[in-house]
Structures are given as structure tokens and as C-alpha cells.
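Quick notes on the structure that follows.
In each ligand, atom 1 is the first atom listed, and ligand 1 is the first ligand listed. Keep in mind that what you see is a predicted model, and the values were worked out from it rather than measured.
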Amino acid sequence: MAKRAAILALQMLLVTLGVRLGAEMAQSVRIIPKALLHLPEVVFGAADMRTVILSVFVAVLLAFIANRFINGWDIFASARRFAKELYAFLTGIIAASLYLFLLTGVNFSPELLLDATIFSVLFLLIAFAIVRQMRKVESAPKAFGAAFINIFTLLKSPWAWLVVAFALTPVVMAYKFTTDRDFAAAVTNLRVSANSASDLPYTLVNAVGDTRFETPIMVQFADSDPSTMYVLERNGRLYRTDYPSGMNKTLLLDLRAAVGDVEMENGALGFDLHPQFGTDSENSAFLYVYYTEFRADGQTNRLERYDMSPSTEEERRATRLPLIAQERNADGYHNGGSVEFGPDGMLYLALGEASDASCHQRIDCGFKGGIFRIDVDMQGGEISKPISRQPENGSSANYYIPLDNPFVGTPDAMEEFWALGLRNPFRIGFDSETGELWAGEVGSTVWEEVNRIEKGGNYQFPYIEGREVQDGKTKPETIIGTEHPPVYTYKHTAFLRSVIGGSPYHGSVVAEADGHYVFLDNYSGEVFTLPLDAETVETVDVLARAKDVAQRGPTSLIQAPDGNILITVMGDNDQPTGMVAKLVSSDSDEGEAAAEEARIAENAAPAAAPLSPAQVNSLWGTNCARCHGAEGRGDGPDSQELGAYVPDFTDPNYHKWRSDEALKQVLIGGGSAVGQSPMMPPWEGVLSDREMDSLIQHVRDFEDEG
Ligand code: HEC
């Protein structure tokens, strides 16, 4: 009995190893020629790999056990008995791959299947040969040969033919899938219905009744008042509403004129209320805003204080007190954006590197690429001291430097630095129990990072991104501060692209998030959790997916005083389609009502008039241009990193061969739905039917007439 179990365990170990090795091989070499099957490049995440291995494991184990009841337990009794075992293996792995192909969201790869099969069979054969030699029946090479021959002589049995026919189904299906659109669409529908986003435990609904905002980017509460919510819009307007009713929406501040043009990463980006806001202290009405002032002739990033006590908006705006003004080059990228008071009463500001390579890994330059910590109360004495130096091309005033900042006393240092070596730490959040500071660091074209920010920490940009040393970026000889790798890092895919740091969560409203850091990705709309006590993690759990707001910009995530998780979602420019959403359980009444509403809206969507050129341009700019390029030439900033060919829509030949229906199929289901590159994401549920039709027309319009 123990011997039987040991043999089975050994076999399963070999199969698992075979699949693992096959996966490695499938990522680097291609053994199925392109002419035979035009297979997309498939990228596997760790979670995908887990699903693949688990499915194969279970299916093959069942096949082995079944085979033993039919053909007896001693698989090494003869070469023929062993060959039958290999057929059982084949049945198992084929069953697993059909399951993966039809019913899971994993990108299906016949290449992986083939490689895994080859390695597994090879390992099993070798094991057979070794056992035969150990049992002194025959020499290992001879046993190997005998087993091999028996694989073929078994083909005399009709059962073996059945297995072979079964083995061909995934290949035939993969072929149909890449050549027959109707078949591909049917499979995609099956996959989508088996893996709908509503399977996730949580979903998003408006947190404040029907109240909407225009490009909301951050939400805050005063410590003193859990029933009033403050919302900053990217355009520069700041509102207050009752919470959670959303009633009495009041405009507190309108900085639109100061903010100027709002493009890709510009605008009003963060704010916080003084910790004593709403109490009877002299600080009771102070609010701190960080925004980019962006004009044709230059860009200045500003941190300012406003006093909310006057009764009119104009008067409140007139209380403007500048703290930081940092000029930067005007490409507008990597501004960071979080303003947060820490549990120590100090103000923390998270700023991007402002596309300024000359300041990388320096703390004597300006307000760029780090977390900064200042004392806005100017307490003095043993706590803080006046500002020691001004930034290059900028100015600072009206705060003190905390004496326990890590670089106080370092010659030439900007003593405001708390941590450095960050590329674009867009959102930061404090752990309400431990005081630890977490940051989501938006990466360049490949890696996103989640970092635990330590005093004096150096987060290694630009010489390491994720955990990978970057070509052509040399590590400084002397490292300033202490190096820290990320807690978690993930690679870009068609769906994942831009991390939005969130909040360490403690509470019971979103029970699964208790004791976890909750954050999200701006493109996939997925909300992730990772344990707060982990040193590093390799995989994270998905709590929800903001499917209908994905790629429309979730911009921040906080824990509200009532324990809800609130997420700002941008919506369209110049339209009140953004919202402050909260996570609710998918099974709750609210969650089911939201799903029902979405279904009704989908079915009732009228075949309305096409969008305006401006709307289409903006849709193209936010969703498509990063890969397809602003002019449709296939040369967008991300196109190099995709490992896939991006078509040139200006090429007239391109248009000759494709119907509008065919393009629509690709838009709906993504490249993988029609056997093209999965790097072309699916847009169903993200874009409306009308938007997709308008975008197809837009693609047609790129065609070069000349
Ligand atoms: C993450 C990168 C990426 C994004 C974002 C993206 N695409 Fe694509 N797209 C691709 C790639 C790669 C292909 C080529 C697929 C192939 O041929 O294997 C493609 C192909 C296409 C095709 C050609 C289909 C065909 O049959 O030839 C169309 C049309 C298209 N995309 C439209 C869009 C539109 C519209 C958007 C925005 C809503 C968009 N794409 C966003 C990467 C992207």
C-alpha cells in the first residue's frame, strides 16, 4: 500500500516538474511553427500558472487512479503496462487543457501544453527505465526502448486510438479558434460567462447616493467629523458633501484658473485637511492642496494652504499661502501627488521625479522623486527648525523642517527628504495601527511597485525597477540612505499598467481586507490585497474589479472613518460622470442591484448617434494611443514592450482585408478572442457599443489616402 502511494506520488512529482519546465520553455522557444498555428505570444502570471498546474495535477491524478483500477497497480510490471500509464497521462493532461481552454480565464497556449507533455512523458519514461534497472529486470536503456516501442504497439488497441483522437481535440480547437471567428466568439462567450467579473467577492457602487463628480481624484475626511466628505476634482475644484447621503454638495474652492491646462498627468492631484480641522484650534480650517500649474510657457508644481473659514469661495481662495513651488520641464509627467498628514502630525508629500534624470538619486536638487516631510505648524524648539535651503528652480516657505528628518545636517541636502529613489509615488497611505507608510509607485514601461516607506529609505530608481537591474542605468557608488526593494512588484500586461497605491485596512466592513494593504491598478480596475505583515509577497488576491470603470481611471483608495473602502473614479473630462465609489459584497442587495442595473443599461443602450470628434479623440487618447500611437501608426509609447506586432492603421493595405465586423470582434473580445495577440485587450464592459463603433470609424480614418 505504502509502495503504491509512493509510486503515485513520484509520478505526480515528475508530471508537476514537467509542466513547470514546459512553461519555462514555452516562454522562450517556440516549437509549434507559426505556419501551422498562428499562436499569440502568451504571458502567464503567477496566478495563471497556479491554475494550470493545479488543473493538470488533479486531472492526471484522477486518470492515473482510474487506470490502476482497470489495468492493475504495478505500472512497472511490463513495458506494455507502463505504456498504458502514459496513455492515461495523456488523457489527464488533455482533459485539463480542455478545461483551461473552455472554462477559465487563463490565456490558453497549445505551445505550453505540448512542452509540458513532452517533458512529463520524458521524465516518466526515464523513471520507468531506472526502476527496471534497479529491479534488475533489464538495463535502463533497454527498458527505455521497450517502453517507447510499446507506446506504438499499443496503437493496435481501439482504446489507444480513442485517446489519440481525444488528444487531437485541443489542437483542432486551437486551429478553429485562430481561423474561425464564430467559433472563437462562441468559446470567448463561454469563457466570459464562466469567469464573469461578478464572481469576485466585492463590487463597486456609488458611495454617496446619486451624487457625481467631474474627474474626482482624492477624497478625505476630517478626523473630527466622520459625516462630512471632502472631494478634490482634478480640474481644481474642491467639494464638501454630507456622508454618506451625498446631500448638500458645496463648492469650497475653485482652483481651475490656477491649475491651468489639465493634460495626461496634470491637475489638482492631492490634498489633506489639517489634523485639527473642525476643532477649536487656530488650525481648525486649514487645508493643503498640491497641484500642477500647467501653461504653454511652463509648469510649476505647488503645495499651498487655504483657509476654509471665510463664507464665500472667493474669500477662501484669497487666503492662499504658498509652501512649495517647484518649476519643472513642461512634459507634464511624473508629478506624484499625495498629501497626507501622518500620525505624528507632520505633513508628508509624495512627489515624482518630474522626468528630470539629472536629479535621480540626489537629495540636493529639488522636490523631485521622493517622499518629503514638513512641519506646517512651525513648532520650533526641539521639534523643528526653519528651512535651511531653497530648491533649485523653485521656492519654499511657511513651514519648518522636523529635526528628526533623516537628512537633517547632511551638507547641501534638502532636509525635507524623508525617502528617495522613487519614480512616481502617486498615492501613499498610513497604517492607522502601526503608523507605517505605504506607497504605490508607478513604474515605467514594465514594472509597478508597492513599497513600505522607511525613514531615509532609498527605493532604487532608476537603477532597479521592480526587482530587475535596469540596463544602462548605473548604481551610484555611494548610496544615499538605505536601499529597500519593493514589498510587491508586478509586470505590465495588456490589462495591468499603473498602480494606484491605497490604504492599509483595519476593520470589518470589508472583512477580507482586514490586516491587508488594499490598492488597485488604474487600467485593469482590479482591487488587490496583500498582507500588511509580509516582508515581500509574490502574488496578491483580487477583491473586486471595477470592470465598467477600468481604463477610465480609478485614482485613489482610502478607508473611510465608517470602515468603508472608498475609491475615486475619474469618468469623462468635462462631464459629471466620475464618482466616489465604495466596495460592497457582490452578494449583498446593493451589489446585486448594481449588477442588475448594469445589465439593464447594457440591453437598453440605444443605437445612438456617433460621438463627437472631440469625444472620440479623447477615448483614443486615454485607451488606445499608448499602444497604437496618437496617429494610429502602431508606435505608441508601450508598443515596444508588448512583444507583439501592433498594426499600422495608416497603411491602406491593412484596411483592404478587414471588415468592420471583424474589427468589432477584436475590440469586444480582445486579440485572444480571434487568435491574435492577447496584448490587444478586450473592451467589452469597458467601452459601450456606441463608443466601439465610433472608434472603429476612427481607425478607418487613419488610412493614408495619398
Ligand atoms: C496594450 C496595448 C493595446 C491597447 C491599449 C490597444 N490595443 Fe489594439 N491592438 C494591440 C495589438 C498588439 C494588436 C495586434 C494584434 C495582433 O494582430 O496580433 C492590436 C490590434 C488592434 C486592431 C486590429 C484588429 C485586426 O483584426 O487587425 C484594432 C482595430 C485595434 N487594436 C483597436 C484598438 C482600439 C480602438 C483600442 C482602444 C480602445 C486599442 N486597440 C487598444 C494592442 C493594443
> Taking atom types as modelled and ignoring hydrogens, do the side chains of Tyr202 and Glu512 form a donor-acceptor contact shorter than 3.5 angstrom?
Replying inline: yes
> With distance as the sole criterion, is a donor-acceptor pair present between the side chains of Thr555 and Thr568 under 3.5 Å?
Replying inline: yes
> Looking only at non-hydrogen atoms, which of Ala662, Cys624, Gly634 approaches atom 34 (C) of ligand 1 most closely?
Replying inline: Cys624
>> Does Glu214 form a salt bridge (Lys or Arg N to Asp or Glu O under 4.0 Å) with Arg237? I'd like the steps, not just the answer.
In response: CA-CA 9 Å; Glu214 194 182 301; Arg237 280 182 297 209; 3.1 Å; yes
Subset of ligand 1 atoms that lie under 4.0 Å from at least one heavy atom of [X]:
X      : value
Trp620 : 35 (C)
Val666 : 24 (C), 26 (O)
Phe649 : 22 (C), 28 (C), 29 (C), 30 (C)
Cys627 : 1 (C), 2 (C), 3 (C), 4 (C), 5 (C), 42 (C), 43 (C)
Pro681 : 3 (C), 4 (C), 6 (C), 7 (N), 43 (C)

> Has His628 got an N, O or S atom lying less than 2.8 Å from atom 8 (Fe) of ligand 1?
Replying inline: yes
> In chain order, what residues pass the ring-ring contact (aromatic ring centres under 6.0 Å, His included) check against Tyr290, with sequence neighbours excluded?
Replying inline: none
> Which salt bridge (charged side-chain N to carboxylate O under 4.0 Å, His left out) pairs, counting each pair once, include a residue from residues 662-680, with sequence neighbours left out?
Replying inline: Lys664-Asp689, Lys664-Asp693
> Does any N/O atom on Tyr654 come nearer than 3.5 Å to any N/O atom on ligand 1?
Replying inline: yes
>> Can you confirm whether more than 12 heavy atoms, excluding those of Arg633, are under 6.0 Å from its CZ atom?
In response: no
> If you measure from each heavy atom of Gly671 to ligand 1, is any distance below 4.0 Å?
Replying inline: no
>> As a test of understanding, state which of Thr292, Val442, Asn335 forms a side-chain contact (heavy atoms from CB on, under 4.5 Å) with Glu265.
In response: Asn335
> Side chain, backbone, both or neither: which part of Leu667 comes within less than 4.0 Å of ligand 1 when only heavy atoms are counted?
Replying inline: side chain
